[in-house]
Amino acid sequence: MEAEYNPHVIEKKWQERWLAEKTFATGRGGEKYYLLEMFPYPSGKIHMGHVRNYSIGDVVARYQRMLGRDVLHPMGWDAFGMPAENAAIAHGVHPAAWTHGNIDEMRVQLQRMGFSYDWDRELATCDSSYYRWEQLFFLQMLEKGLVYKKKSQVNWCAACQTVLANEQVENGCCWRCGEETESKDLEQWFFRITAYAEELLAGCEALKGKWPERVITMQKNWIGRSVGAEIEFSVVDRDFKIKVFTTRQDTLYGATFMSLAPDHPRARELAAGTGREAAVEAFIDKMRRQERSDRDLAQQEKEGVFTGSYCRNPVTGRKMPIYLANFVLSGYGTGAVMAVPAHDQRDFEFARMYDLPIIVVIQPEGCELVAAELTEAYTGDGVLVNSDRFDGVANRQALDLIAAYLEERGIGRKAVTYRLRDWGVSRQRYWGAPIPIVYCDRCGTVPVPEKDLPVTLPEDVILDGSGGSPLARTEAFVNTVCPRCGAPARRETDTMDTFVESSWYYMRYACANYDKGPLDRAAVDKWLPVDHYIGGIEHAILHLLYSRFFTRVLRDLGYIDFSEPFTRLLTQGMVIKDGAKMSKSKGNVVDPNALIERYGADTARMFSLFASPPELDLEWNDQGVEGAYRFLNRLWRMVFALLPALEKVEPFAGGMAEVPDKYAGLRRKTHQTIARVRSDIEERMHFNTAISAVMELVNELKNHDVESAAKDPVLAALLREAVETVILLLAPIVPHFCEELWSAFGYREGLSYVPVPEYDPDSLVEDTVLVVVQINGKVRERLTVPRDLEEEKVRELAFASHRVQKHTAGKTPRKVIVIPNKLVNIVV
RNA sequence: GCGAGGGUGGCGGAAUUGGCAGACGCACUAGACUUAGGAUCUAGCGGUUUUACCGUGGGGGUUCAAGUCCCCCCUCUCGCACCA
């Protein structure tokens, strides 16, 4: 062992050994444990978020190995996506070359961090050996009706020249580039995720306690299930009906008008021949032009236009004017809303603005609402009035009764609506997995036969940023023959959303090199689902929801037999510096490579784990890093100093009975530390407190020197036990450092598979305990007493204390509470 | 507006079941060693008017005892946001 801690030398040494010996390959026996961190986009450089995410994951992986598990811990690349194309446009590099170059750089950086991956399972989603199976899934989903194409209004990002799924639009802006999105009519491919809405929602229940509550809540809200009724309203003098969805069918008798989305398909028809055509047309046009920019303003003001047509309230027969209204969404429910101004705030505001009638149909307990005097809608509970046969019924009960009544009469029924929309997967970009479809003038839309997969992304395309899909301009790709009739045909030029790749990569890791199909059933059955998944909270909806959907699809396609991909989920917080998320524009970025250069990987790992618990944001602090580095140096020097005495003895292996009294404290601290660290890592995943506990033990060791140890073999044995404990407990956190110290003690085998130390329960028990004496809840005295001393004796000792007497002088205790081994509280 | 999660020294954070608030680390202060110190070691380190009192965003409550439980309020972060 060297006298100086030299991280660069030892880190290189151990990393090379781990790679050469394939230390982290699976198959060493033990119960399976699949630990996965979200794979990175190969930007070319790892950032602090990666360091943190992968350090957390690596601790768990290494710890599980030391618990005797057979750990699958793979790494790969989410390699399709826009930046590769942008780089091509900006620098003339081909996206494939750019991506593979970045992967090579990032792999080296990850290896320099000492993460314990099984590199033999590495995959990149841009390789046809990966995306070919995705194309197969697409075809099989098409067959099952889970893929379809439709013309729809889509979110279009002009900057990225592509469409975005609903989930990918944040506050009207592109989730990737931050530019405002607009809506556009395009033919798009969709995955029918709504077919699984109910199951995805129900599945949330099973995740409780294993996933963070807020992720579950976000998913539930996103799916957005509403229970209510569909009701049909016949239109006066027209031969069609308008269907609405409502959750408040109990207020049906108070519906006085109807509101439709401005882009409702019947809008123009309703205006035709009423003299309102021009006004309606103007309104539709205004709404269409009113893009997201001034949407916030528009949100405040209710606005609409009368179509000139009427419908009839199906239960009262009332003639209800039909309006178009700016607040009705075409994408939700039926795009039509029955307006009950007395009991819905939006309808109320609209009614006041356009002077429409208001009828109270629910009276709250204790006061009487009068329509003309309302200043806002009453949305609470109450008893029905003005509701014919339902008068006097509590509105909660009326929900069911009215739904049943409508159903009897054939004008409505109970219904469930979801906020979740189908997942649009078409992207007009080059660097993605081609959608395996051919368009033939004679046969129409024809799926590429499975035997012709993969549809390979052509290499020679022109990427000049001129807009539109580069694939569409690549004649050699587009022109093909129809697989059905052999006539000349054209290929689909859209590629798939890159979230499709990340929806199933975690399964492919189980059999990354399998080439007879997407998934090797035996391997997937063995390893999946992922036992513990770790990644950023920013994927709480998108990636995790898509993955949960995809897992169910693959289950129904017969590939797997589980439904939830990730048993446990840990979402780690962001890395912050100077109060803001690290970003180039803020200039507060810390480069992990510079950090490794200066302190080594172990220091970087240790600080990112020590500074805060994983789920909280981590405030980066250069001086804190320095502190971690100093700790490692201090520990190194201490071990180096003690080694000559410790290597002469075996670690202490006896029981507490053989430990001399003067060393009982040391022994106890060692085993208390084991107990604490084990529960911190195994149960709470709080590595910061685990590290603190080890630091305390190290501080305790400072009280002993090599001279005393050389003279007293029992002390030496106890110190060796303590030092080995420190090494083993820190091994998952600072692995290179610990390997080096471990080998200094003469162990030939690396410590990746050395069992986590067990604590001796006897060692945790102290013979004497500190009992706090309070007077009226304030601490006045601390007594050291034998453990489990009888209550009466403890009480006597407390009262015997002169400090206690001072505070109780002249007063009679009214009450004395004694908590064994802990506290006495005297109330005077 | 709705939902979720936070608010504890100068800073990051501990306090696992209601039982000594501030573990561990950073910063800071003093001392030692030293030609030197941004190295290392030792000691101190919530506040104040220091035999004591105050103190976990603010106010109230329950309790012998509250950072922890209950009610009200303030504030910050995140998500959703006219979802009928």
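Each chain gets a letter, A, B and so on, in the order the sequences are listed, and its residues count up from 1. If you're wondering where the values come from, they're calculated on a predicted model, not measured in any experiment.
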Answer yes if the side chains of [X] and [Y] hold a donor-acceptor pair under 3.5 Å, and no otherwise.
{"X": "Ser226(A)", "Y": "Tyr332(A)", "value": "yes"}
{"X": "Glu626(A)", "Y": "Tyr599(A)", "value": "yes"}
{"X": "Arg52(A)", "Y": "Ser612(A)", "value": "yes"}

Describe the nucleic acid contact of [X] in one word from base, sugar-phosphate, nothing, applying a heavy-atom distance below 4.0 Å.
{"X": "Val816(A)", "result": "nothing"}
{"X": "Asn776(A)", "result": "nothing"}
{"X": "Gly627(A)", "result": "sugar-phosphate"}
{"X": "Asn699(A)", "result": "sugar-phosphate"}
{"X": "Lys778(A)", "result": "sugar-phosphate"}
{"X": "Pro613(A)", "result": "sugar-phosphate"}

Please measure how far the [atom1] atom in [N] lies from the corresponding atom in [M], and state the result in whole Å.
{"N": "rU51(B)", "M": "rU40(B)", "atom1": "C1'", "value": "40 Å"}
{"N": "rU42(B)", "M": "rC33(B)", "atom1": "P", "value": "15 Å"}
{"N": "rA23(B)", "M": "rA14(B)", "atom1": "P", "value": "13 Å"}
{"N": "rG67(B)", "M": "rG19(B)", "atom1": "C1'", "value": "13 Å"}
{"N": "rG55(B)", "M": "rC73(B)", "atom1": "P", "value": "24 Å"}
{"N": "rC24(B)", "M": "rG13(B)", "atom1": "C1'", "value": "9 Å"}
{"N": "rA81(B)", "M": "rG60(B)", "atom1": "P", "value": "40 Å"}
{"N": "rC71(B)", "M": "rU16(B)", "atom1": "C1'", "value": "27 Å"}

* Under a 3.5 Å cutoff on both atom distances, Watson-Crick or G-U, what's the dot-bracket for RNA chain B ([ ] crossing, | other strand)? -> (((((((..(((......[....))).(((((.......))))).(((...)))..(((((..]....))))))))))))....
Taking 4.0 Å as the cut-off, does a side-chain nitrogen or oxygen of [X] come that near to OP1 or OP2 on [N]?
{"X": "Arg780(A)", "N": "rA65(B)", "answer": "no"}
{"X": "Arg630(A)", "N": "rC26(B)", "answer": "yes"}
{"X": "Arg637(A)", "N": "rC41(B)", "answer": "yes"}
{"X": "Arg419(A)", "N": "rA81(B)", "answer": "yes"}

Indicate yes or no: does [X] engage [Y] in a salt bridge with an N to O separation below 4.0 Å.
{"X": "Glu303(A)", "Y": "Lys286(A)", "answer": "yes"}
{"X": "Lys414(A)", "Y": "Glu230(A)", "answer": "no"}
{"X": "Asp250(A)", "Y": "Arg396(A)", "answer": "no"}
{"X": "Arg668(A)", "Y": "Glu700(A)", "answer": "no"}

Whole angstrom is fine here: how far is it from [atom1] in [X] over to [atom2] in [N]?
{"X": "Met218(A)", "N": "rU77(B)", "atom1": "CE", "atom2": "C1'", "answer": "13 Å"}
{"X": "Glu213(A)", "N": "rC80(B)", "atom1": "CD", "atom2": "P", "answer": "18 Å"}
{"X": "Met574(A)", "N": "rG6(B)", "atom1": "CE", "atom2": "P", "answer": "16 Å"}
{"X": "Arg214(A)", "N": "rC80(B)", "atom1": "CZ", "atom2": "C1'", "answer": "14 Å"}

* So, the side chain of Asp705(A) versus the backbone of Ser708(A): is there a donor-acceptor pair under 3.5 Å, distance only? -> yes
* To do: Kindly determine whether Arg676(A) and Glu696(A) satisfy side-chain contact (heavy atoms from CB on, under 4.5 Å), including the steps that lead there.
  => CA-CA 11 Å; Arg676(A) 247 188 92 181; Glu696(A) 282 186 51; 3.4 Å; yes
* To do: For Trp222(A) and Leu420(A), run side-chain contact (heavy atoms from CB on, under 4.5 Å): C-alpha distance rounded to whole Å, both residues' side-chain angles, the deciding distance at 0.1 Å, then the answer.
  => CA-CA 6 Å; Trp222(A) 192 265; Leu420(A) 182 69; 3.7 Å; yes
* Taking protein heavy atoms under 4.0 Å as touching, what does nucleotides 15-23 of chain B look like 5' to 3' if B marks base contact, S marks sugar-phosphate-only contact and - marks none? -> SB--BB--B
* Choosing from rC24(B), rC26(B), rC83(B), which nucleotide comes nearest the side chain of Tyr332(A)? -> rC83(B)
* **Distance under 6.0 Å and angle within 45° of ring axis: Lys241(A) vs Phe233(A)** => no
